[in-house]
Amino acid sequence: MTIEDRKIRENFPVLEERQVTYLDNSATTQRPPCVIKAVDDYYRRSNANPMRGLYELSIESTDAYENARAKVADFIGAASDREIIFTRNTTESLNLIAYSYGMNFLHEGDEIIITIMEHHSNMLPWQQVAKHTGCKLTYIYPEKDGNLPPERLEEAISDKTKLVSVTQISNVFGRLNDVNAFAEIAHRNGAVISVDGAQSVPHIPVDVQDLDCDFMSFSGHKMFAPMGIGVLYAKKELLEKMPPFLYGGEMIEYVTTEGATYNEVPHKFEAGTVNVGGAVGLSAAIDFMRRFGWDEIQKRELEVTRYAMEKMAEVPHVNIIGASDPEDHHGIITFTIDDVHPHDIAEIFNSNGVAVRAGHHCAQPLHKFLGAMSTTRASMAFYNDKEDIDIFISALKNIRSEMGYAD
Amino acid sequence: MTIEDRKIRENFPVLEERQVTYLDNSATTQRPPCVIKAVDDYYRRSNANPMRGLYELSIESTDAYENARAKVADFIGAASDREIIFTRNTTESLNLIAYSYGMNFLHEGDEIIITIMEHHSNMLPWQQVAKHTGCKLTYIYPEKDGNLPPERLEEAISDKTKLVSVTQISNVFGRLNDVNAFAEIAHRNGAVISVDGAQSVPHIPVDVQDLDCDFMSFSGHKMFAPMGIGVLYAKKELLEKMPPFLYGGEMIEYVTTEGATYNEVPHKFEAGTVNVGGAVGLSAAIDFMRRFGWDEIQKRELEVTRYAMEKMAEVPHVNIIGASDPEDHHGIITFTIDDVHPHDIAEIFNSNGVAVRAGHHCAQPLHKFLGAMSTTRASMAFYNDKEDIDIFISALKNIRSEMGYAD
Amino acid sequence: MANTFYNEILTDHNMHPVHKHKIDGANFTLEGVNPSCGDDINLNLRVENGIVSDGGFEGDGCAISQASCDMMLDIIIGKPIKEAKELADIFIRMITGKVTEEEKDRLEEASILQDISHMPSRTKCAVLGWHTMDEMLKDE
Amino acid sequence: MANTFYNEILTDHNMHPVHKHKIDGANFTLEGVNPSCGDDINLNLRVENGIVSDGGFEGDGCAISQASCDMMLDIIIGKPIKEAKELADIFIRMITGKVTEEEKDRLEEASILQDISHMPSRTKCAVLGWHTMDEMLKDE
Ligand SMILES: Cc1ncc(COP(=O)(O)O)c(C=O)c1O
Ligand SMILES: Cc1ncc(COP(=O)(O)O)c(C=O)c1O
């Protein structure tokens, strides 16, 4: 860790100059200067269309892009960098699985199992697959505190189940699901398992081989990288049998007026000019995280989360969604305040310089299950500190009185 | 135009520091510092997840994104900014049309007409639509010099034709197709028309209402913007009846376990966290182009193209593909050299510091039609000058002798 | 504490809405929703001889949507349809565009919501009740 | 002019390939292609008593693919299959990995292509003929 990294906050102009207490990190993080600079440098020094270029800039761009792919593969423990596809975001990764795998390998009579806590991006694509293929979509339900015992899957699964898709960490509960156990149950029943890693990959070490998942999706912008770059990991044998998703550009081998043969994986799934700048940014973001290391990142996040939860417990009328143990939150604290609408809560936080999110957090069915139309969420990254929480708590304490309540 | 703009070359570190003669602009352009800076500033000052945010950074991000949309709408003469969808690139825009419009509104017995000069990105998606819906895909052919008289479409079209898709400027010929006439013929026969603007929007003023096209697709990275941002324009009444393409995130209104209702256009088509940084970059790129203005841009491009073609005509064994008039090239000069393979040509150019592209330029069927396996392409942006061409020509002159030929 | 626009008038209408109840003999009913916020109201009016003789609402939403709807009913009950529609037009323009001072005065208490015009994410909440009223009376 | 690796040996093999022709009695035939470059060769060998007694190729491609294939045939004609396959292994390693000086010497003229190992976009061209040969003899 360099000295600059220690003074991590000073490196985020948004946080310092704007004097904002940024607690919406699950929606998107801020970008450190080293990430911004890596992208700049790429555009200033090596920019060209990669692939097939027979000149230096293009070869450099190809290297920059492929090195980013290798870094991502290493970061999540993939067996090969050929298993990493660059997408725009988690949503596109999940849609790619649904369109290319779901629409082609699932049929009437088959079944998909997902959980009620899924983000819309891991729910709507499966609703579409069910609608178009005639297969059945089944939901499994956690306890009210977010705990989803693997037995729920065991009870629901059958030899009809062909695909299980589950989030590793819910963006509302912040709780870790036991993906290892889900994967074991899915495979034992002949199903593949897709994991939504949007909230896990930025916050805990993820090893796809260890988890034995078949697909893993995540977004760069939630882990300090620029917007517009995401990742789909998939086991090579699956990628090889899946048809392409988007068509055009370098994803082909031969094209005639009648049809085409396709390039090898992962290129088969990367149609059109790729986003080298974005990949370079993601690679720099991984370097940034590695300079701190998982121990440090997790320690910092847990500390502020614990501190926040302790302080929140002292404020009357505040109800935290999910587990009572901060270790089960991974920086995500979703809550309600009695008789105050989350949009008013967020508004009052905003006028105190605190950025939190209010609404259904793209998880309407989960909110229905929890009996709340909407909630407020404060979410931490490892650059947040206790001072942020103090500001957050002092605003929180005044919300009900701002709204005219006596206590 | 500011003084800085006059010294435009000095503003491109890649071109100056690297001493590269960059003539691969049709593949991707370089980014001017004002574009890089606009993206930086966004990330340093206003970065947040836009949409639904109830705090200042999020509102600013929403504004930045929606202002970029309005600027794009204005730039291409759209009737409303609601008709602009941000995608990743042209390829994704075209696939969106194919998946959402093609797969749903075309049926067995219908016909799609495209041209043999299409980029794979405007060919493969239609082959897929034909394959999956059972409709027929028909190709129309230009003359060998790239001229495609509207009569070709008139002869091919019938009341079975439901969609015509054509490039406005081919990335091999560089010649402008008469999209106005194509649109008129398409509409008179009850078909919609989609235009691939990847090579036109960066080089000529495009007015979608004037052209009366139903869809228009283009990429930011070919017009000085970052990679990872593209545009789909479509008439509002089409967007309104088309189903979503990607599912998840802010593209919904209500979601239940059974299904969903969708947000209004254009959000219906923008699933997942959007690429605000990319949109801000595209907006800055439009400002950059407007500071020069179309007259200046087109004048500069035509001048270097004319100069290059005149000089090339003096080099024996060099054959230019397409029209003889530089006005029909829009900065794109595709050529062959007798008995020298394009990959060797590009290699020798590279060792002389000249970046050109060699291969099939993602237009294999066109190359087959032209009787060439592959070709070499030099393509200009308005920052290229005569000095670039002199370096290019001096390398060109030596290629055959490098390869051992006597003349 | 920073200053917010949650002043006493607003919070009072939110906590103790006068018109948040069922009414007798409603002959106009419409549900108004802001999907992105979750605001959801059911507006009921009783119109007799071209006059809004009573009105009430039910539902959920943020303080702004609730208070705004309650204030609206305060003003329009007892007024002719035509005038109610004029007031809706003025209110919506106050939030999303421009109004004159005289126009604003006609909105009585509801004019305190003008600040919301600077908050793009909340304008929909403020106009929900008014839009719903305007929509249900549009053919009258 | 800058220095390129298109030296006389290479250009000579490209312009005047010795083995670019049909051969009599070919008993091994395979097409090798590099889709991304458009290189496309048809390699024919006549193998008698475990010895490559003759060979030829046809097709199109860049100078590197053509010259490399021609050089390959120069060396392997007259050699036992086993040795031809060893040479292919050495050549492919020279381009994509590592070889010793002694190994390189066994490649004779073809060793001049070593420079291409620094040009990732052209390595496929250089190894095309060798890969094709290796593939067609793999069960021998
Ligand atoms: C005519 C044409 N259409 C489509 C494309 C595809 O653009 P992109 O790679 O940005 O998706 C290109 C660029 O390669 C092109 O020249
Ligand atoms: C659990 C989960 N899945 C998927 C997504 C969608 O990510 P993106 O918007 O980057 O596509 C998110 C983020 O909003 C998320 O939290």
Side-chain angles (χ1 to χ4, degrees), chain A residues 13-14 20 24 27-28 30-31 36 40 43-45 47-49 52 54-57 88-92 94-95 120-121 123-125 127-128 139 219 221 226-229 246-249 252 254-257 259-260 271-273 275-278 343 346-347 350 355 358-359 362 364-365, chain B residues 13-14 20 24 27-28 30-31 36 40 43-45 47-49 52 54-57 88-92 94-95 120-121 123-125 127-128 139 219 221 226-229 246-249 252 254-257 259-260 271-273 275-278 343 346-347 350 355 358-359 362 364-365:
Chain A
V14 169
V20 58
D24 196 16
T28 200
Q30 299 300 332
R31 333 284 165 217
I36 298 179
D40 278 21
Y43 281 130
R44 286 181 200 273
R45 291 205 203 127
N47 171 65
N49 202 318
R52 296 205 193 165
L54 291 165
Y55 53 87
E56 270 173 43
L57 286 179
R88 181 177 27 207
N89 52 28
T90 306
T91 302
E92 196 196 18
L94 293 164
N95 276 271
H120 295 161
S121 296
M123 185 176 285
L124 300 180
Q127 292 183 348
Q128 289 299 312
Y139 295 82
S219 298
H221 71 93
M227 290 156 161
I229 190 82
L246 300 180
Y247 292 82
I252 56 95
Y254 292 114
V255 176
T256 69
T257 53
T273 300
N275 184 359
V276 188
H343 279 204
E347 194 69 63
N350 179 45
C362 295
Q364 285 184 6
Chain B
V14 169
V20 59
D24 196 16
T28 201
Q30 298 301 330
R31 334 282 165 219
I36 297 179
D40 277 21
Y43 281 130
R44 285 180 200 272
R45 287 203 209 130
N47 172 66
N49 203 319
R52 299 207 189 164
L54 291 166
Y55 54 86
E56 270 173 42
L57 287 179
R88 181 176 28 206
N89 52 28
T90 306
T91 301
E92 197 196 16
L94 293 164
N95 276 272
H120 294 160
S121 296
M123 185 175 285
L124 300 180
Q127 292 182 349
Q128 289 300 313
Y139 294 82
S219 298
H221 70 93
M227 291 156 160
I229 189 82
L246 300 181
Y247 292 82
I252 57 94
Y254 291 113
V255 177
T256 69
T257 53
T273 300
N275 184 357
V276 188
H343 280 204
E347 195 71 62
N350 179 46
C362 295
Q364 284 184 8

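- For the side chain to side chain contact (heavy atoms under 4.5 Å, CB included) test, residues two or more places apart in sequence or in another chain that qualify with Ser121(A) are Thr91(A), Leu94(A), His119(A).
- Listed options Ala260(A), Gly278(A), Ser219(A), Pro125(A) were ranked by heavy-atom pairs under 4.5 angstrom with chain B; first place goes to Pro125(A).
- Residue contact with chain B, scored on non-hydrogen atoms closer than 4.5 Å, involves the backbone of Thr256(A) exclusively.
- The parts of Gln30(A) that come within reach of chain B are both its backbone and its side chain, each placing non-hydrogen atoms under 4.5 angstrom from that chain.
- A search for ring-ring contact (aromatic ring centres under 6.0 Å, His included) contacts involving Tyr247(B) returns Tyr262(B), not counting sequence neighbours.
- Both the backbone and the side chain of Asn47(A) come within contact range of chain B, each with at least one heavy atom under 4.5 Å from a heavy atom of that chain.
- Under a 3.5 Å cut-off, the side chain of Asp24(A) and the backbone N or O of Ala355(A) do not form any donor-acceptor pair.
- Between His343(A) and Leu54(B), some side-chain heavy-atom pair lies under the 4.5 Å cut-off.
- For chain A, the option among Asn95(B), Asp40(B), Thr28(B) with the highest count of heavy-atom pairs below 4.5 Å is Asn95(B).
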Exercise for the section: Tell me, with the steps shown, if Met227(A) and Asn89(A) meet side chain to side chain contact (heavy atoms under 4.5 Å, CB included). Expected result: CA-CA 8 Å; Met227(A) 290 156 161; Asn89(A) 52 28; over 6 Å; no

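- Your options are Pro365(B), Gly359(B), Gly277(B), and the one with the most heavy-atom pairs under 4.5 Å with chain A is Pro365(B).
- Using a 4.5 Å cut-off on side-chain heavy atoms (C-beta onward), His221(B) and Pro226(B) make no contact.
- Using a 4.5 Å cut-off between heavy atoms, Tyr139(A) touches chain B through its side chain atoms alone.
- Among Gln128(A), Met123(A), Glu92(A), the residue making the largest number of heavy-atom pairs under 4.5 Å with chain B is Gln128(A).
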